[in-house]
Asker: 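Okay, here's the structure, questions in a sec.
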2 protein chains.
Amino acid sequence: MMELTRKGEYAIRGIVYLAGKPLDKVCLLSDIAAAVDVPPTFLAKIFQQFSKIGLVRSFRGTGGGFMLGRAPENITLLEVVEAVEGPIIPNRCVCAPQDCDRSSFCNVHPIWKQVQEQVCGVLTGVTLKDLSDGKIKPQPTDLAK
Amino acid sequence: MMELTRKGEYAIRGIVYLAGKPLDKVCLLSDIAAAVDVPPTFLAKIFQQFSKIGLVRSFRGTGGGFMLGRAPENITLLEVVEAVEGPIIPNRCVCAPQDCDRSSFCNVHPIWKQVQEQVCGVLTGVTLKDLSDGKIKPQPTDLAK
DNA sequence: CCTAAAAGGATACATAATGTCTTTTTAGGG
DNA sequence: CCCTAAAAAGACATTATGTATCCTTTTAGG
Ligand code: SF4
Ligand code: SF4
């Protein structure tokens, strides 16, 4: 449960690599794939998805390639993950309570909502800039003392 | 990503049902399955797993069935989930950093560790008693203001 | 020894993950 | 205008996982 797929992992590697380059630098897919050690054909599919929603911009033909669609400090890890993995849904009832007859009286239901919020919270708190800089936000170290 | 499987969902339903019964009451698998609307054969497999690790106790033969292995206030949701889904691992590097060449310098790595802690934190904070009672812990409502 | 019930094992089917391959579109440059 | 570089699009192949069912074996009561 809860496991990021290869696709998600590769997606992050690829776009973090881009985030480490100057914003206007156009990078070849094949170069990115080699740098982050991902099968190029697979990464191509991933970047196509990114491109569709504007996370990266693509240029075709000679001299083409990819660059970030926005400044890396304005792209959160959550966006990247959800772009390729879909929304973070610990249990189907979180986004479709009507699918479960028991949701009206179920005590577990709110727990999954809570889990979702926590996970999204962590991933929203990290930007591509943080990741490429190596300057990870000081974690709250939330010890409910 | 992050989605509980049917197995996990059914497991929770089943054991929460048990938690709502007197501790010494032996329940028939078929009754449990019917009550929580889960395929009986599937629930059987799940309860076998529970039984092996002592989360529930089983009795064979005539008059047999299942009961909780411990008091419901001493069983956390995390235990139940991990019993059937395995450990909560947002990314493989969380439990096997040696599998990834990049883990030594990777900035994403600690994020997954953080996610894991948050999720486990939420699930550890809920017991079967809470779930069967309907008395869900007052959530921290962690608004980092 | 007969019956109830769980345990264990094998199997079937569907879906999702993980890639690869081929063809098409777009763009630059001589 | 053509040639080449590069991404986009779509089809396909393979494997792993999820979701379940069935059958046989073990255990226990009466
Ligand atoms: S039983 Fe509760 S937790 Fe499970 S799917 Fe339905 S609402 Fe969600
Ligand atoms: S690249 Fe980083 S996040 Fe991805 S698997 Fe390796 S250590 Fe983990």
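Below, chains carry the letters A, B, ... as their sequence lines are ordered, and counting in each starts from 1. What you are looking at is a predicted structure, and each value in this text was computed from that prediction instead of being measured.
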Asker: Side-chain heavy atoms under 4.5 angstrom apart, residues restricted to Ile, Leu, Val, Met, Phe, Trp, Tyr: same cluster for A:L28 and A:I46?
Answerer: no
Asker: Please report the interatomic distance CD1(B:I88) to CD(B:Q118), rounded to the nearest 0.5 Å.
Answerer: 13.0 Å
Asker: According to the salt bridge (Lys or Arg N to Asp or Glu O under 4.0 Å) rule, which pairs have a member within residues 93-110 of chain B, sequence neighbours left out?
Answerer: none
Asker: To the nearest Å, give me how far apart CE (B:M67) and C1' (C:dA5) are.
Answerer: 15 Å
Asker: Tell me whether the OP1 or OP2 atom of C:dA5 has a side-chain N or O from B:S58 closer than 4.0 Å.
Answerer: no
Asker: Specify the residue among A:K52 and A:G64 whose closest nucleotide of DNA chain D lies further upstream toward the 5′ end.
Answerer: A:G64
Asker: For nucleotides 10-13 of chain D, tabulate all protein N/O to nucleotide N/O atom pairs closer than 3.5 Å, reporting atom names and distance.
Answerer:
unit_1 : atom_1 : unit_2 : atom_2 : d
D:dG10 : N7     : A:K45  : NZ     : 2.8
D:dG10 : O6     : A:K45  : NZ     : 2.7

Asker: Please identify each residue that fulfils side-chain contact (heavy atoms from CB on, under 4.5 Å) with B:P40, with sequence neighbours left out.
Answerer: B:A33
Asker: Please confirm whether the shortest side-chain N or O distance from B:T5 to OP1 or OP2 of D:dT17 is below 4.0 Å.
Answerer: no
Asker: Can you give one letter per nucleotide of nucleotides 25-30 of chain D, going 5' to 3': B for a protein heavy atom under 4.0 Å from the base, S for sugar-phosphate only, - for none?
Answerer: -BBBS-
Asker: How about A:Y10 and A:V36: do any of their side-chain heavy atoms sit closer than 4.5 Å?
Answerer: no
Asker: Name every residue in residues 83-91 of chain B that has at least one heavy atom under 4.0 Å from any atom of DNA chain D, in order of residue number, or write none if there are no such residues.
Answerer: none
Asker: Searching all strands shown, indicate the nucleotide that pairs with D:dT24 (Watson-Crick or G-U wobble; both distances under 3.5 Å).
Answerer: C:dA7
Asker: Using the test side chain to side chain donor-acceptor pair (under 3.5 Å), find all partners of B:S103 that sit at least two apart in sequence or belong to another chain.
Answerer: none
Asker: Give the minimum heavy-atom separation between B:A19 and B:L128, together with the two atoms involved.
Answerer: CB-CB, 3.8 Å
Asker: In whole angstroms, how far is the P atom of D:dA8 from the CG atom of A:L43?
Answerer: 11 Å
Asker: I need the CZ-P distance between B:F42 and C:dA6, as an integer number of Å.
Answerer: 17 Å
Asker: What's the spacing between A:L68 CG and A:L18 CG if we round to 0.5 Å?
Answerer: 5.0 Å
Asker: Taking only residues two or more places apart in sequence or in another chain, which ones pass salt bridge (charged side-chain N to carboxylate O under 4.0 Å, His left out) with B:E9?
Answerer: B:R13
Asker: Are B:M67 and B:V80 grouped together when hydrophobic residues (ILVMFWY) are joined by side-chain heavy atoms under 4.5 angstrom apart?
Answerer: no
Asker: Just the rounded figure in Å: distance from P of C:dA7 to CZ of B:R57.
Answerer: 13 Å
Asker: Roughly, in whole Å, what's the span from CE in B:M1 to P in D:dT17?
Answerer: 17 Å
Asker: Expressed as a whole number of angstroms, how long is the span from A:F50:CZ to D:dA7:P?
Answerer: 15 Å
Asker: So B:F47, base contact, sugar-phosphate only, or nothing? Heavy-atom distance under 4.0 Å.
Answerer: nothing
Asker: Please report, rounded to the nearest Å, how far the P atom of C:dG19 is from the CD1 atom of A:I46.
Answerer: 9 Å
Asker: Check side chain to side chain donor-acceptor pair (under 3.5 Å) between A:R70 and all other residues, then give those that pass, not counting sequence neighbours.
Answerer: A:E79
Asker: Without placing hydrogens or testing angles, list every side-chain donor-acceptor pair under 3.5 Å for residues 48-57 of chain B, not counting sequence neighbours.
Answerer:
unit_1 : atom_1 : unit_2 : atom_2 : d
B:Q49  : OE1    : B:K7   : NZ     : 2.9
B:Q49  : NE2    : B:A83  : O      : 3.3

Asker: Atom SG of A:C27 and atom CZ of A:F47: how far apart are they, to the nearest 0.5 Å?
Answerer: 8.5 Å
Asker: Within the pair B:T41 and D:dC22, is there a side-chain N or O less than 4.0 Å away from OP1 or OP2?
Answerer: no
Asker: Could you tell me the separation between the OH atom of B:Y17 and the CD1 atom of B:I32, rounded to the nearest 0.5 Å?
Answerer: 7.0 Å
Asker: According to the side-chain hydrogen bond (donor to acceptor under 3.5 Å, both in side chains) rule, which pairs have a member within residues 28-46 of chain A, sequence neighbours left out?
Answerer: none
Asker: Give each protein N/O atom lying under 3.5 Å from an N/O atom of nucleotides 11-14 of chain C, with the pair distance.
Answerer:
none

Asker: How many angstroms lie between atom OG1 of A:T76 and atom CD of A:E82, to the nearest 0.5 angstrom?
Answerer: 8.0 Å
Asker: Give the residues of residues 6-40 of chain A touching DNA chain C, defined as any heavy atom closer than 4.0 Å, sorted by residue number.
Answerer: A:R6, A:K7, A:Y10, A:P39
Asker: Rounded to whole Å, please give me the gap between CD in B:Q49 and P in D:dT19.
Answerer: 13 Å
Asker: How long is the gap from CG on B:L43 to CD1 on B:I15, to the nearest 0.5 Å?
Answerer: 10.0 Å
